[in-house]
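One structure is given here, and the rest of the page talks about it.
Below, read A as the first sequence line, B as the second, and so on, with proteins coming before strands; counting in each chain starts at 1.
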2 protein chains.
Amino acid sequence: MEYNTQPLEYFIESCRKNNLKVTPQRMAIFQALVQDGSHPNPEIIYNRVRAKHPTISFATVYKTLETFEKFGLITRVTRLHDTVRYDPEIEPHHHIICVKCRKVINLFDEGLNNLPVPREVTSSNHVVDYSVHFNVVCEDCNN
Amino acid sequence: MEYNTQPLEYFIESCRKNNLKVTPQRMAIFQALVQDGSHPNPEIIYNRVRAKHPTISFATVYKTLETFEKFGLITRVTRLHDTVRYDPEIEPHHHIICVKCRKVINLFDEGLNNLPVPREVTSSNHVVDYSVHFNVVCEDCNN
DNA sequence: TTTCCACAGAATAATCATTATCGTCTACTT
DNA sequence: AAGTAGACGATAATGATTATTCTGTGGAAA
Ligand SMILES: [Mn+2]
Ligand SMILES: [Mn+2]
Ligand SMILES: [Zn+2]
Ligand SMILES: [Zn+2]
């Protein structure tokens, strides 16, 4: 379902499926996230929600987003936002990222280094580089 | 140059090129980063360096890594680590990320959704999903 | 080789993002 | 209508990163 297709109904249905209570705050948080495609951070969502719910707490926004993610209602742009991860490899390459232990492994692959970059990307941007993130559960974390 | 090919010489040469002073701490920080392919965070690097430089400061590690990155000696796994960015779109898609203003734009592309996943990835991991990050300088930031 | 100084390092405080705690409240069940 | 598990709000605590300030030194210049 697209993010702008009857988002409220979709949201309520998803909550019910997961035994999450439907509250005004939760609806407002979801709507604040869905209202455009800007991939906002918690602070922006907090400010949007405050317009209608002036007493909402920052912690509530954090907790709620975490809950939504846990139940698959929303996602994160990257799973590696918690601390900076540095890399001495400056040539183009890709990464295998374990979503559980946060291990990051280099992936060198000729095919991936020569992807056809969509016109949508090149038409209005100067492309610095690109890389593919494979989110995985690694061998060590698999049991 | 590979990260494990005479890394010290490469490091010193790179510093000289950029008028960065070559200090024992800087060499140690670079070596701590290069010693394996683990994409360590500043804390891990700090702990590694402390073995030989017990008085080094955490802040020095941060500043030095920042400097290295600024001059292109090293990179980051993702440029979106600073705050969580949430996404209501749960279907597979990709992102255009401006490295200057941190804008994130959705990219839906059939071709990118069906990349041949290298055996190296599938052989020892359970793939959850993958996405392509196009790091760009966007139109708005381009002048 | 000595001198000098811009830049690097150490210590520490400050800031910013995120998470934990806990008392109160309420959505939903019965 | 009442009961209860879970949600909310307030706030403190933690963790990551950045700023400040003072001291020290690498490397150019004399
Ligand atoms: Mn890498
Ligand atoms: Mn997206
Ligand atoms: Zn793992
Ligand atoms: Zn931009």
Is there a side-chain polar atom (N or O) of [X] under 4.0 Å from OP1 or OP2 of [N]?
| X | N | value |
| --- | --- | --- |
| Thr64(A) | dC8(D) | yes |
| Arg26(A) | dC8(D) | yes |
| Thr55(B) | dA10(C) | yes |

Can you tell me how far [atom2] of [N] sits from [atom1] of [X], to the nearest Å?
| X | N | atom1 | atom2 | result |
| --- | --- | --- | --- | --- |
| Arg50(A) | dA10(D) | CZ | P | 11 Å |
| Lys17(B) | dG27(D) | NZ | C1' | 20 Å |
| Leu65(A) | dT19(C) | CG | P | 11 Å |
| Ile45(A) | dT18(C) | CD1 | C1' | 14 Å |
| Phe68(B) | dG9(C) | CZ | P | 8 Å |
| Ile56(A) | dT11(D) | CD1 | C1' | 16 Å |
| His53(B) | dA8(C) | NE2 | P | 16 Å |
| Tyr46(B) | dT12(C) | OH | P | 12 Å |

Do the rings of His95(A) and His39(B) sit parallel, tilted or perpendicular, given the 30° and 60° boundaries? perpendicular
Are Leu80(B) and Leu80(A) close enough that some pair of their side-chain heavy atoms sits under 4.5 Å apart? no
So do the side chains of His94(B) and Tyr130(B) get within less than 4.5 Å of each other, counting heavy atoms only? yes
His133(A) and His133(B) aromatic centres sub-6.0 Å: yes
Centroid separation under 6.0 Å, is that true for the rings of Phe11(A) and Phe68(A)? yes
Distances under 3.5 Å between protein N/O atoms and the N/O atoms of nucleotides 26-30 of chain C, please, pair by pair.
unit_1: dA27(C); atom_1: O3'; unit_2: Val22(A); atom_2: O; d: 3.3
unit_1: dC28(C); atom_1: OP1; unit_2: Arg16(A); atom_2: NH2; d: 3.0
unit_1: dC28(C); atom_1: OP1; unit_2: Val22(A); atom_2: N; d: 2.9

Side-chain donor or acceptor of Arg85(B) paired with backbone N/O of Arg102(B) under 3.5 Å: yes
Without swapping roles, check the side chain of Asn142(B) against the backbone of Cys138(B) for a donor-acceptor pair under 3.5 Å. no
Checking Phe58(A) now: which residues fulfil ring pair (Phe, Tyr, Trp, His ring centres under 6.0 Å) with it, not counting sequence neighbours? Tyr46(A), Tyr62(A)
Under-3.5 Å N/O pairs linking protein and nucleotides 15-19 of chain D:
unit_1: dT17(D); atom_1: OP1; unit_2: Val84(A); atom_2: N; d: 3.0
unit_1: dT17(D); atom_1: OP2; unit_2: Tyr62(B); atom_2: OH; d: 2.2
unit_1: dT17(D); atom_1: O5'; unit_2: Tyr62(B); atom_2: OH; d: 3.2
unit_1: dT18(D); atom_1: OP2; unit_2: Glu66(B); atom_2: OE1; d: 3.4

Rounded to the nearest 0.5 Å, what separates atom CG in Asn47(B) from atom CD in Glu43(B)? 5.5 Å
